[in-house]
Protein chains: 4
Amino acid sequence: MQSNTRPAARTIGRDGPSFIEVARRAQIVECAIDTIAAVGYAQASLTQIADRAGISKSVISYHFAGKDELIQQVIADVSAAGQAMMWPRVQAETTSAGMLRAYIHSHLDFMRTHPKHVTAVTEILTHYRAQADDTAATPLEERLRQGQRDGEFREFSPRVMAWTIRAAIDEVGRRFVANPDLDLDECAAELTALFALSTQAHQ
Amino acid sequence: MQSNTRPAARTIGRDGPSFIEVARRAQIVECAIDTIAAVGYAQASLTQIADRAGISKSVISYHFAGKDELIQQVIADVSAAGQAMMWPRVQAETTSAGMLRAYIHSHLDFMRTHPKHVTAVTEILTHYRAQADDTAATPLEERLRQGQRDGEFREFSPRVMAWTIRAAIDEVGRRFVANPDLDLDECAAELTALFALSTQAHQ
Amino acid sequence: MQSNTRPAARTIGRDGPSFIEVARRAQIVECAIDTIAAVGYAQASLTQIADRAGISKSVISYHFAGKDELIQQVIADVSAAGQAMMWPRVQAETTSAGMLRAYIHSHLDFMRTHPKHVTAVTEILTHYRAQADDTAATPLEERLRQGQRDGEFREFSPRVMAWTIRAAIDEVGRRFVANPDLDLDECAAELTALFALSTQAHQ
Amino acid sequence: MQSNTRPAARTIGRDGPSFIEVARRAQIVECAIDTIAAVGYAQASLTQIADRAGISKSVISYHFAGKDELIQQVIADVSAAGQAMMWPRVQAETTSAGMLRAYIHSHLDFMRTHPKHVTAVTEILTHYRAQADDTAATPLEERLRQGQRDGEFREFSPRVMAWTIRAAIDEVGRRFVANPDLDLDECAAELTALFALSTQAHQ
DNA sequence: CATGAATGAGCGTTCATTCAT
DNA sequence: GATGAATGAACGCTCATTCAT
C-alpha cells in the first residue's frame with residue numbers, strides 16, 4: 001500500500017511487502033476461508049471474519065484495499081493451491097480417458113485435503129457467477145475436444161460435457177462439506193465410471 | 001400472526017386461510033419471483049418486491065411471517081408447478097431409460113416455459129445456504145434404483161448418479177439464465193445421450 | 001418516495017406527501033439547521049442530527065433519499081424563507097441606492113429573526129462553494145449594473161462590488177452568530193453608509 | 001510528547017527543539033499545505049499528507065501532538081509569511097489612505113505569489129469552525145481608528161469597516177482560488193477605490 | 001527518530017421487522 | 001386487512017491516533 005523500503009530485507013529482494021505483511025494477509029485470507037465455509041458467503045461480513053480471526057475489523061481494511069480484494073485473494077490463493085496440486089496429475093496422463101480420471105480424482109483429493117477452501121471458493125463463485133462471462137472455453141473443455149480429435153472420445157458437445165463434469169464435482173464437494181463422512185473414494189470411482197462410459201468412443 | 005383464526009370464513013365453519021388471503025399470498029409470491037428474476041436475489045429487498053407489486057411493504061409482513069417464509073413459498077410454488085408439469089411425463093414412460101430421458105427433457109422444457117421461475121429459484125438456492133438434510137433418497141434416486149432392479153441399468157451408485165443428473169440440469173439452467181440464447185434442445189439431447197450411456201447395462 | 005394514493009386527502013389534491021410526512025420533513029430540516037448552526041457543517045453527522053431531534057438515525061433515511069437531499073432541503077427552505085422576507089422590500093425601492101439599503105437591511109433583519117438558519121446555510125454554502133460554479137451573475141450584480149446604467153452609481157466592477165457586499169453581510173452574520181449581543185442595527189447603518197459612499201456617482 | 005526534553009541539544013545547554021526537529025516540522029507543514037491546496041481540506045487525511053511527503057504517517061504524529069496542531073501550524077506559518085511580506089509595505093505608508101491601499105494590494109500580491117498557501121489556509125478556515133474570540137481589535141482596526149483621529153477618515157465604525165475589508169479580501173482570495181484566471185490587479189484597484197470612497201472624510 | 005501495524009469510533013446507508021392507526 | 005412510519009442492527013469503509021520495536 002505504502003512503498004515499504006525496509007532497511008535490510010532478509011534475503012534477496014529489496015522492495016516488496018514485508019514478511020509480517022505477507023503473513024498477515026495469508027492469515028486473514030485463511031480466516032475469510034474459514035468464515036465463508038462456515039457461515040456462507042452472504043453472511044461472511046468483515047465483522048464476522050475479523051471476529052473469527054480475533055482481530056479488529058479495520059485490520060482487514062489495512063491489509064486489503066477492500067472486501068473485494070480480500071475475496072479475490074481467496075480465489076487466487078485457493079486456485080493456485082488447487083492448480084499446483086491437480087494439474088500435474090492431469091498433465092501426467094497420456095490418454096484422454098486417463099486425463100479425465102485424473103481430473104476427477106485430483107479434484108476430489110483436493111476436496112479431501114482442503115475441504116474448507118473448496119467450500120469457500122464454491123460459495124464465492126456461486127455468488128459471483130451471475131455476472132461472470134462464462135462464454136470462454138475452459139481448459140477441461142479443450143482437453144475433451146482433444147480427446148475427440150484423437151478418436152478416443154465419441155462425438156458430443158464438449159461444452160455441455162465440461163459443464164456436467166464440473167457440476168458433478170462441485171455437487172460432490174457440496175455434499176462432502178455438508179456431510180464429512182461422505183466416501184470420496186467411492187464418489188471418485190462412480191464419477192470416473194460415469195464419465196468414462198459417457199465419453200468413450202463406440203468400440 | 002402465522003395462523004390466522006379469522007371470525008367468519010367464506011364457506012363452511014371450518015377455519016383456514018380465506019380466499020383473499022390465498023390470492024394475496026399468491027400475488028406476492030409472483031411478484032417476488034418477478035423481482036428476484038429481474039434484479040437478482042441480493043437486490044430483491046422487501047421494498048423492491050412491494051414496489052413492483054404496487055403494494056405496501058408491510059402487506060408482505062402481514063401475509064408472511066417474514067422474508068424467509070416468502071422465499072420458502074417461492075420455492076414451494078415453483079417446485080409444485082414444476083412437479084405438476086414434469087412428473088406426468090416421467091410417469092408415463094414405461095422404461096427406465098425413457099423415464100430418464102423424459103426427466104431431463106421435461107426439466108429443460110420447464111426452464112423454457114418458466115424462465116423467470118427457474119431464474120428466481122436458482123437465484124434463491126444460490127444465495128441461500130444449502131441447509132437441506134440431503135440424506136433422504138429423492139424420487140429420482142428411487143427410479144434409478146428401480147432401473148437397476150429391472151436389469152435395465154448397470155450397477156452404479158444411484159445416489160451419486162442422481163446428484164450428477166440434477167447438478168447437470170441445474171447447471172444448464174444457470175447457463176440458460178445467463179444466456180437466453182442457449183439451445184436447450186441441444187442441451188437436452190446431449191444430456192440424454194450422456195446419461196443414457198452412463199447408466200445402461202452392458203449388452 | 002412511494003406513491004401515496006391516500007383515500008381522501010384533506011383538501012384538494014389527491015396525490016402528494018401526507019400531512020405527517022411534510023411535518024416530519026420540516027422537523028428534520030429544522031433539526032439539521034439547529035445542529036449545523038450549533039456544531040458546524042463538518043460535525044453535523046446524521047447521528048448528531050437525529051440525536052438532537054430525539055429520533056432514530058434511520059428516520060432521516062426514511063424521509064430523505066440521503067444526506068445530500070436533506071442538506072439541499074435546508075438550503076431550499078431557508079432560501080425560500082429569506083427570499084420571501086427580503087425581496088419584496090428590495091423590489092419596493094425605486095432608486096438603486098434605496099435598493100442597496102433595503103438589500104442590506106433586509107438581510108440583517110433576516111439574520112435577527114432567523115440567526116440559526118443563516119448560520120446553517122452559511123456553513124453549508126461555505127463548504128459547498130469549493131465546487132460551485134460561481135461564474136454566473138447574481139441578481140444583486142444585475143441590480144448594481146442597472147444602477148450604473150441609470151447613472152445613479154459610479155463606474156465600478158459590479159461583480160467585485162457584489163462580492164464585497166455579500167461578503168460583508170455574511171461576515172456580520174458570522175459575528176452575530178458568535179456574539180448575539182452584536183448591534184445589528186448599527187451594523188446595518190454602517191454597511192449602508194459604507195456602500196452608499198462607495199457606489200454613488202460623483203456629484 | 002509535546003515538550004521534548006532531549007538529553008543533549010546541539011549547541012548550548014538550553015533545551016528546545018533540535019535543528020532536525022524544526023526542519024521536519026517545516027517540511028511536514030509544507031506538505032500539508034501542498035496537499036490541502038491540491039485535494040482540499042476534506043480529502044487531506046494524514047495518510048494523504050504523509051504519502052505526498054514520502055514519509056510515514058506516524059512521523060506526523062511524532063512531531064505534532066495531533067492533526068489539530070499541524071493545522072494550527074499551517075495557519076501560523078502562512079500567517080507569519082504573510083505578515084512578513086505585507087506589513088512592511090503597510091508600515092511604509094505615511095497616510096492612512098495609502099496604508100489602506102497598501103494593505104489591500106499587499107494582500108492580493110501575497111495571493112498571487114503564494115497561491116497554494118492562501119488556498120490551504122482558505123480551505124482550513126472554511127472547514128474549521130470559527131471559534132476565534134473575535135472581540136479583540138485587529139491591527140487593521142487600530143489603523144483605521146488612527147486615520148479617524150487624524151481627520152483623514154470620516155466617522156464610521158472601525159470594527160465594521162475592518163470586518164468588511166478583510167471579508168472582501170478573503171472573498172477575492174476564494175474566487176482567485178476557484179478561478180486562477182481572475183485578474184487580481186483589477187480586483188485590487190476595485191477594492192482600493194471602493195474603500196477609499198467609503199472611508200475618506202468629506203471634503 | 002522513525003515506522004509498520006493495529007485500533008476503535010464514527011461515517012452514510014440498507015433493510016427486515018414492528019407497531020399504532 | 002392494510003399501511004405509513006419508525007426502529008435498530010448490521011453493512012463496508014475512513015481516519016486520527018496509539019504502540020511496540
Side-chain angles (χ1 to χ4, degrees), chain A residues 1-7 17-21 23-24 42-50 55-68 70, chain B residues 1 4 6-7 18 20-21 24 42-50 55-70, chain C residues 1-2 4-7 17-21 23-24 42-50 55-68 70, chain D residues 1 4 6 18 20-21 24 42-50 55-70:
Chain A
M1 236 137 276
Q2 286 170 322
S3 62
N4 304 327
T5 317
R6 304 183 65 256
S18 70
F19 237 54
I20 185 164
E21 166 79 9
R24 241 335 185 198
Q43 304 300 328
S45 68
L46 291 190
T47 301
Q48 287 261 353
I49 296 170
I55 58 176
S56 167
K57 190 171 51 166
S58 14
V59 177
I60 300 177
S61 296
Y62 178 75
H63 290 283
F64 294 89
K67 194 184 186 184
D68 276 6
L70 172 57
Chain B
M1 183 165 282
N4 298 330
R6 304 186 59 261
S18 70
I20 184 165
E21 167 79 7
R24 262 296 202 215
Q43 305 301 327
S45 66
L46 290 189
T47 302
Q48 282 266 348
I49 296 171
I55 58 176
S56 166
K57 190 170 51 166
S58 350
V59 79
I60 300 176
S61 298
Y62 183 79
H63 289 285
F64 294 89
K67 194 182 188 184
D68 276 7
E69 199 206 332
L70 171 58
Chain C
M1 237 139 279
Q2 286 170 322
N4 303 327
T5 318
R6 304 184 63 257
S18 71
F19 235 55
I20 186 164
E21 166 79 7
R24 243 335 187 195
Q43 303 301 325
S45 68
L46 291 190
T47 302
Q48 287 262 352
I49 295 170
I55 58 176
S56 167
K57 188 170 53 163
S58 14
V59 177
I60 300 176
S61 296
Y62 178 75
H63 290 284
F64 295 88
K67 195 184 185 183
D68 276 6
L70 171 58
Chain D
M1 182 165 283
N4 297 331
R6 302 185 60 262
S18 70
I20 184 165
E21 167 78 10
R24 260 299 201 213
Q43 304 301 326
S45 65
L46 291 189
T47 301
Q48 283 265 350
I49 296 171
I55 58 176
S56 166
K57 191 170 50 167
S58 344
V59 79
I60 299 176
S61 299
Y62 183 78
H63 289 285
F64 294 89
K67 195 183 187 185
D68 276 6
E69 199 206 331
L70 171 59

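The model shown is predicted, which means the values in this text are computed figures rather than measured ones. Throughout, protein chains are lettered first and strands after them, A, B, ... in sequence-line order, and every chain is numbered starting at 1.
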Please state how far atom [atom1] in [X] lies from atom [atom2] in [N], giving the value in whole angstrom units.
{"X": "A:Glu21", "N": "E:dT3", "atom1": "CD", "atom2": "P", "result": "17 Å"}
{"X": "D:Glu69", "N": "F:dA16", "atom1": "CD", "atom2": "C1'", "result": "14 Å"}
{"X": "B:Ile60", "N": "E:dC15", "atom1": "CD1", "atom2": "P", "result": "13 Å"}
{"X": "B:Leu70", "N": "E:dT17", "atom1": "CG", "atom2": "C1'", "result": "14 Å"}
{"X": "C:Phe19", "N": "F:dA5", "atom1": "CZ", "atom2": "P", "result": "13 Å"}
{"X": "D:Ile55", "N": "E:dG4", "atom1": "CD1", "atom2": "C1'", "result": "14 Å"}

Ignoring backbone atoms, test whether [X] places a side-chain nitrogen or oxygen under 4.0 Å from the OP1 or OP2 oxygen of [N].
{"X": "C:His63", "N": "F:dG4", "answer": "no"}
{"X": "C:Arg24", "N": "F:dA6", "answer": "yes"}
{"X": "A:Tyr62", "N": "E:dA5", "answer": "yes"}
{"X": "C:Ser18", "N": "F:dA5", "answer": "yes"}

List the atom of [X], the atom of [Y], and the distance in Å for their closest heavy-atom pair.
{"X": "B:Ala65", "Y": "B:Glu69", "result": "N-OE1, 2.6 Å"}
{"X": "C:Ile60", "Y": "C:Leu46", "result": "CD1-O, 3.8 Å"}
{"X": "D:Lys67", "Y": "D:Ala44", "result": "NZ-O, 3.2 Å"}

Grab the N/O contacts between the protein and nucleotides 9-11 of chain F below 3.5 Å, and write none if there aren't any.
{"unit_1": "F:dC11", "atom_1": "OP1", "unit_2": "A:Ser45", "atom_2": "OG", "d": "2.6"}
{"unit_1": "F:dC11", "atom_1": "OP2", "unit_2": "A:Thr47", "atom_2": "OG1", "d": "3.4"}

Spacing of B:Lys57 atom NZ and B:Ser61 atom OG [to the nearest 0.5 Å]: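 Rounded to the nearest 0.5 Å, the NZ-OG separation comes to 8.0 Å.
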Calculate, to the nearest 0.5 Å, the distance between atoms CD and OH belonging to D:Glu21 and D:Tyr62 respectively.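 Nearest 0.5 Å value for the CD-OH distance: 7.0 Å.
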Is there a donor-acceptor contact under 3.5 Å from the side chain of A:Ser45 to the main chain of A:Gln48?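 At least one qualifying donor-acceptor pair exists.
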To the nearest 10°, let me know how far the axis at one end of the helix from E:dA2-F:dT21 to E:dT21-F:dA2 is tilted from the axis at the other, five pairs an end.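 So the angle between the two local helix axes works out to 30°.
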First encountered from the 5' end of DNA chain F, between C:Ser56 and A:Gly66: C:Ser56
Upstream residue (5' side of DNA chain E) when A:Ile20 and B:Ala42 are each assigned their closest nucleotide: A:Ile20
Residues in side-chain hydrogen bond (donor to acceptor under 3.5 Å, both in side chains) with C:Thr47, at least two apart? none
